[in-house]
Every structure is written in C-alpha cells, then in structure tokens.
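This report refers to the structure that appears directly beneath it.
Order of the sequence lines fixes the chain letters, A, B, ..., with proteins taken first and strands second; residue numbering starts at 1 for each chain.
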Amino acid sequence: MFWNEKAECMTKEEKEELQLKRLQETVRIAYENVEFYKKRFDEIGLKPEDIKTLEDIEKIPFTTKSDLREAYPLGLLAVPRDEIVEIHASSGTTGKPTVTGYTQNDLDVWGECIARGLKMAGAEKDYIIQNAYGYGLFTGGFGIHHGGNKMGAITIPISAGNTQRQLDTMVDFQSDILTCTPSYAMYLGESREKAGIPIEDINLKAGIHGAEMWTDEMRKRIEASLGIKTYNIYGLTEVMGPGVAQECGEQNGMHLQDDHFYPEIINSETGETLDYGEKGELVLTSLTKTGMPILRFRTKDLTSLIADKCECGRTTVRMTRITGRSDDMLKIKGVMVFPSQIEKALLKIEGISPNYLIHVTRPDILDEVEVKVEASKELFSDEIKEMEIVEKQIQASIRSETGLRVDVTLCEPETLPRSEGKAVRVIDERNL
Amino acid sequence: MAVQISVFIENKEGRIKKAIDTLAKADVNIRALSVGDTTKYGILRLIVSDNEKATKALEDDGFIVKESEVIVVSVPDKPNGLNTTLAILDDADINLEYIYAFVSSQPEEAIVAIKVENTEKAIEVFEANDAKILTEEELEKI
Ligand SMILES: [Zn+2]
C-alpha cells in the first residue's frame with residue numbers, strides 16, 4: 001500500500017519537526033559551501049542561525065532559473081566534485097541550460113521518491129516498467145530508472161520514440177506500467193488503435209505521466225486508449241527531476257514528498273506567501289539534497305496546495321494540477337491566456353488531435369492569434385462548407401474557454417512539433 | 001454512382017504534386033480530379049482506378065483521405081448540354097455542392113462528377129429525366 005509508511009503518513013507535528021531540522025541543516029550547508037548563497041545571505045545580513053522556525057524560510061531570498069544559468073555549469077555545488085556521480089540538465093530554449101549535479105545520496109533520495117510514486121500506481125517488485133521517457137540529460141528517463149531500481153521492479157529502458165518497438169514491447173513483455181510524457185502516451189494509444197492491436201493483448205495497468213502540462217480530457221483519452229489508470233507526476237531538473245510529487249489512486253492532487261522538499265505558494269508578482277488552497281507560484285526548497293541544495297527555487301509553475309490528509313491515508317501535502325506557468329501566460333489583447341486553456345477547448349471537439357501551436361503576432365497595433373490544429377480523418381470532409389463548420393466549432397470552443405477570437409488553421413497530421421521531451425506550443429512573434 | 005476519394009492538402013508548396021506522385025508510384029490511374037481550395041488549405045478530389053490502393057498509398061505517406069459518393073453523369077457534348085443536366089437538379093430543388101469533369105476518350109460526350117446534398121433524390125430525378133448515369137463498370141472503361 002505504501003512504499004514508506006513512516007515518511008508518507010507522518011503527523012503534522014512530526015513532519016514539521018523533521019522539516020525544520022532538515023531545513024536548518026540545508027541552509028547551513030548551502031551557506032558554508034556555496035558562494036552564491038553566502039553572498040545572498042550576507043547582503044541582507046541573514047545568518048543560518050536566524051532560521052528558527054519554518055516560517056523563517058520567508059527571510060531567505062528566492063533563487064531563480066537565471067541564477068542557475070549564471071552559475072553554469074557547476075557553480076552551485078556544495079560538495080567537492082569527487083562526490084558528484086551524475087549530472088542532468090534542463091534544455092535551454094533561451095540561453096544556457098541549467099545543470100544539476102547529484103551525489104549518491106541525491107540519487108538515493110530520487111529513487112526513493114520515484115519508488116513511492118510507483119507504489120502509488122500499484123507497482124510491485126515483479127512489475128515490468130516500460131520507461132519511455134527519454135534517457136539523457138533530460139531527467140525523465142534516468143529518474144524513473146533510479147526509482148525502478150530502488151523498488152526492485154523490472155525497468156525496460158526503452159527510452160522515447162520508435163513507436164513500433166514500443167507497441168511490440170508492450171505486447172511481448174506484457175509491460176505493467178508505462179512511463180512517458182502524456183503527449184507520447186496519447187500518441188502510443190492512438191498508434192495501438194491504428195495498428196489494430198486489441199486492448200486485451202496489452203497488459204498495462206498504469207501510466208505515470210508528466211514533464212509537460214496536460215488536462216483531464218487528455219487523461220480520459222489516454223486511459224481509454226491504453227486501458228490504464230494514469231498518474232500525474234511532477235518534478236523539475238533544478239530541484240531534482242520527476243518524483244517531487246505524484247498522484248495516488250485518488251487522482252486528487254499530487255502527493256509532494258515534503259520530507260525531502262519544502263513547498264511554498266507565492267504571489268508571483270509580489271513574492272508574498274499565500275495560504276493553502278490559494279493559487280500561485282510554487283516555490284521549492286530541498287531538505288535533503290547534498291550535491292546541490294536549492295533554497296526557495298521559483299518554479300514558475302502555478303498550482304495550489306492541499307493540506308488535508310488524503311483518502312489514501314498519506315499525509316504528505318498535495319499540489320493540484322499545474323494550470324500554467326507564470327512565464328507561459330500570454331497576454332493577448334489584454335486578456336490572460338494559458339496554452340492549457342486552448343488545449344482544453346480543443347479536446348472538447350470530437351475527433352480532434354490535441355497537437356496544436358499558438359502563433360501570436362502583432363502585424364500592426366493589434367494582436368492576432370492563429371491556432372494551428374492538426375486535422376484528422378474524423379474532421380476531414382470533401383466539402384469546404386463542412387470544413388468551415390469544423391473551424392467555426394473550434395473557434396467557438398476556444399472563444400468560450402478564453403474569451404478570445406482566434407484564427408484557426410487546420411494542418412496535415414503529424415506536421416506540428418510533437419514532443420518526446422517538452423512540446424513547443426507557443427510561438428510569440430510580437431515585439432513586446 | 002461512384003466513390004471519390006478526397007485528400008486534405010495543407011497549403012504548402014508541392015503537396016498536390018506529392019499526392020499525385022504518390023498515386024503514380026502506387027500505379028493508380030487518375031480518371032478525374034479537382035481541387036477545392038480556401039486561402040488556408042485545399043481539398044483534392046479524385047476518381048481513380050483503384051480506391052483501396054490509392055487510399056493506402058496516400059495514408060502511408062501521411063495524407064488524410066476520405067471516401068465519399070458522387071454521381072457520375074454523361075452530358076451530351078453539344079451547346080447547353082451541361083445546362084440541361086444541371087437544370088434537372090435545379091428543378092428538383094437539389095443543391096449542387098460541386099462538379100468536375102472527366103478526361104474522356106469519347107468525343108461525343110462529356111462526363112462529369114457531381115456532388116449534391118441529397119444523392120438518392122438526385123439519382124431519382126436524373127433517371128426520371130433520362131440522364132445517363134454511369135455505373136462502376138462503365139467508369140472502368142473510361
Ligand atoms: Zn493520496
């Protein structure tokens with residue numbers, strides 16, 4: 001039922017005591033060993049001893065992605081290099097990537113967090129995990145792999161791509177759990193249907209999906225097309241990788257491993273700390289990392305926290321589905337829009353593929369939005385009139401979700417960037 | 001009545017040519033063809049020698065393909081020939097969606113594919129007015 005009942009079902013008092021002890025230790029390590037943190041603390045006259053309660057964490061300055069970029073590649077290590085055993089990096093769409101170095105301790109913690117999640121998804125030691133996350137600098141592949149090893153389950157390091165091989169493996173090995181990005185899970189589900197493989201021929205029970213945003217509509221499709229229950233997983237390279245939080249069978253918020261990571265929600269504009277239940281930007285502080293401890297990292301991910309004990313029995317704090325990133329938010333014609341809203345609008349239409357691209361331009365003084373959507377056999381008609389009706393439907397759906405009037409363009413299937421890592425959903429060509 | 005295949009063509013350079021190349025490579029003959037287009041995309045409509053082969057080849061090359069029914073009618077090759085045929089539909093209040101011509105080897109007739117809102121009713125009125133509707137077998141011989 002639980003991978004680590006003691007850690008996952010602590011009382012509030014036990015947990016806060018542990019968190020404070022670990023926070024104080026992390027702050028001390030960071031201050032004494034990382035020039036960056038020492039400088040930040042000294043600038044405002046803060047000493048590690050000033051952290052006397054958990055609330056005192058608010059005195060610590062935030063760390064941002066650009067701080068990590070400036071320290072490229074390994075400027076934030078708190079240990080000598082000989083203690084680092086693995087390195088990962090998050091792709092830099094702008095500027096340099098951010099790099100994280102892991103000690104053996106950090107890999108053990110990572111494996112522990114993933115193992116807790118695998119157990120939530122029902123895994124046992126004899127389960128076969130088909131790990132279709134990309135192996136490489138990206139944390140997805142190796143993160144799941146470390147967890148599978150920790151649990152003693154059987155991990156197939158198939159990595160992302162090669163759809164035919166994925167399907168063959170599912171059938172031949174009778175894989176129990178599929179781990180990959182939600183868009184790839186959806187693609188595999190569609191491919192299974194296309195290839196005419198009966199659902200009885202595969203034995204998948206669960207899918208653990210994350211690393212990009214997805215919606216309930218997408219969840220329903222994946223679950224139906226692969227005959228599985230899906231579990232949303234969350235994490236980021238700067239903090240560790242996947243496994244910081246994951247859903248249990250209740251599918252009601254992701255259990256954040258708060259004995260290893262201390263979460264806060266802030267107002268992303270003012271930086272002020274928000275309460276449970278309030279939506280804002282997630283800020284994470286590592287509590288047990290030794291290679292590269294991280295203090296108050298601004299994730300840019302928008303969510304809220306649930307403090308109540310979950311129906312499953314775990315008491316770890318839960319975070320709700322990420323609804324956007326504070327830097328993903330588009331302001332179009334003065335209206336705030338998240339790509340996830342467009343996705344939600346698209347998935348309400350029968351036969352539509354959730355592959356889309358939002359193209360924002362400002363040809364003159366007004367913003368123009370074109371949403372490119374891949375057409376499918378179901379949407380296609382030999383009559384232009386019918387196709388126009390489809391476009392109008394899409395337009396209306398987006399309008400009711402976002403309040404925006406957009407231009408809809410249907411494209412040929414599989415022509416929009418499809419991801420194995422993270423999807424490109426927005427091209428903003430405005431000079432703002 | 002005949003089965004036509006339609007192909008979704010994104011308005012990108014060379015996509016129509018690519019579709020036609022695909023059919024040539026699959027040894028499929030094109031008997032009639034038309035393109036309906038908007039500023040953003042086009043619909044390539046085809047009547048070919050082998051629908052199954054054509055559909056498979058096109059789908060394998062990533063195209064979206066759909067089959068639909070059209071009526072193929074022989075129009076007397078004389079002034080007002082087409083007008084007379086279309087008037088039959090008009091008189092019966094049947095909306096014409098689109099129409100396109102075949103490349104015919106018979107000099108004395110023109111053959112057109114017609115898509116209407118109500119195919120069954122159109123066939124009825126054509127028959128009642130002695131218009132010549134081509135069967136699948138007759139189509140084979142074009
Ligand atoms: Zn739970």
Side-chain angles (χ1 to χ4, degrees), chain A residues 161 163-164 167 187 190-196 346 349-359 361 363 368-395 398 405-418 427, chain B residues 1-19 22 32-48 51 54-56 58-72 94-100 113-119:
Chain A
T163 305
Q164 186 56 46
L167 295 175
Y187 183 64
E190 283 167 16
S191 305
R192 177 199 65 79
E193 285 165 358
K194 230 177 178 173
L346 292 178
I349 293 158
E350 196 79 31
I352 217 167
S353 129
N355 287 296
Y356 62 94
L357 188 69
I358 305 164
H359 191 183
T361 52
E368 283 188 7
V369 192
E370 178 190 24
V371 176
K372 292 186 171 180
V373 186
E374 285 182 5
S376 66
K377 205 174 170 107
E378 291 86 349
L379 292 185
F380 179 51
S381 161
D382 60 312
E383 292 175 29
I384 286 173
K385 193 174 76 183
E386 295 290 321
M387 297 285 281
E388 281 170 349
I389 292 174
V390 170
E391 288 180 335
K392 290 225 171 71
Q393 258 181 354
I394 297 173
Q395 259 179 343
I398 292 174
R405 180 180 283 281
V406 303
D407 201 17
V408 171
T409 303
L410 294 171
C411 336
E412 286 183 23
E414 285 161 54
T415 52
L416 294 179
R418 203 176 283 263
I427 295 177
Chain B
M1 212 152 45
V3 177
Q4 148 199 278
I5 59 174
S6 315
V7 188
F8 180 72
I9 300 286
E10 198 179 313
N11 266 357
K12 270 193 309 196
E13 290 285 312
R15 288 304 281 170
I16 292 183
K17 183 172 183 307
K18 170 83 181 110
T22 298
L33 166 159
S34 83
V35 181
D37 66 353
T38 70
T39 50
K40 290 177 181 166
Y41 56 84
I43 300 169
L44 176 64
R45 305 181 187 112
L46 301 154
I47 293 184
V48 297
N51 282 336
T55 302
K56 187 173 183 314
L58 288 166
E59 283 184 345
D60 285 351
D61 271 356
F63 288 99
I64 302 179
V65 184
K66 194 161 195 159
E67 292 189 351
S68 46
E69 283 178 344
V70 290
I71 305 168
V72 179
I94 296 171
N95 270 338
L96 178 72
E97 301 289 355
Y98 53 79
I99 178 168
Y100 57 101
I114 297 178
K115 174 72 186 260
V116 291
E117 244 171 19
N118 188 339
T119 306

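For a residue to count as touching a neighbouring chain, one of its non-hydrogen atoms must lie under 4.5 Å from one of that chain's; by this rule B:Glu67 does not touch chain A. The parts of B:Phe8 that come within reach of chain A are both its backbone and its side chain, each placing non-hydrogen atoms under 4.5 angstrom from that chain. At a 4.5 Å heavy-atom cutoff, the contact between A:Glu378 and chain B is made by backbone atoms alone.
Heavy-atom pairs under 4.5 Å with chain A peak, among B:Val7, B:Ile64, B:Ile5, B:Thr38, at B:Ile64. Of the listed residues B:Glu97, B:Lys115, B:Gln4, B:Glu10, the one with more heavy-atom pairs under 4.5 angstrom with chain A than any other is B:Glu10.
Distance check, rounded to the nearest 0.5 Å: CD of B:Glu117 to NZ of A:Lys385 gives 4.5 Å.
When the shell of 6.0 Å around NZ of A:Lys377 is examined, it contains more than 12 heavy atoms from other residues, nucleotides or ligands.
Remark: B:Lys18 does not engage A:Glu412 in a salt bridge, criterion side-chain N to carboxylate O under 4.0 Å.
Side-chain atoms of B:Tyr98 and A:Asp382 include a donor-acceptor pair closer than 3.5 Å.
Two residues are said to be in side-chain contact when any heavy atoms from C-beta on lie closer than 4.5 Å; A:Val369 and A:Ile398 fail this criterion.
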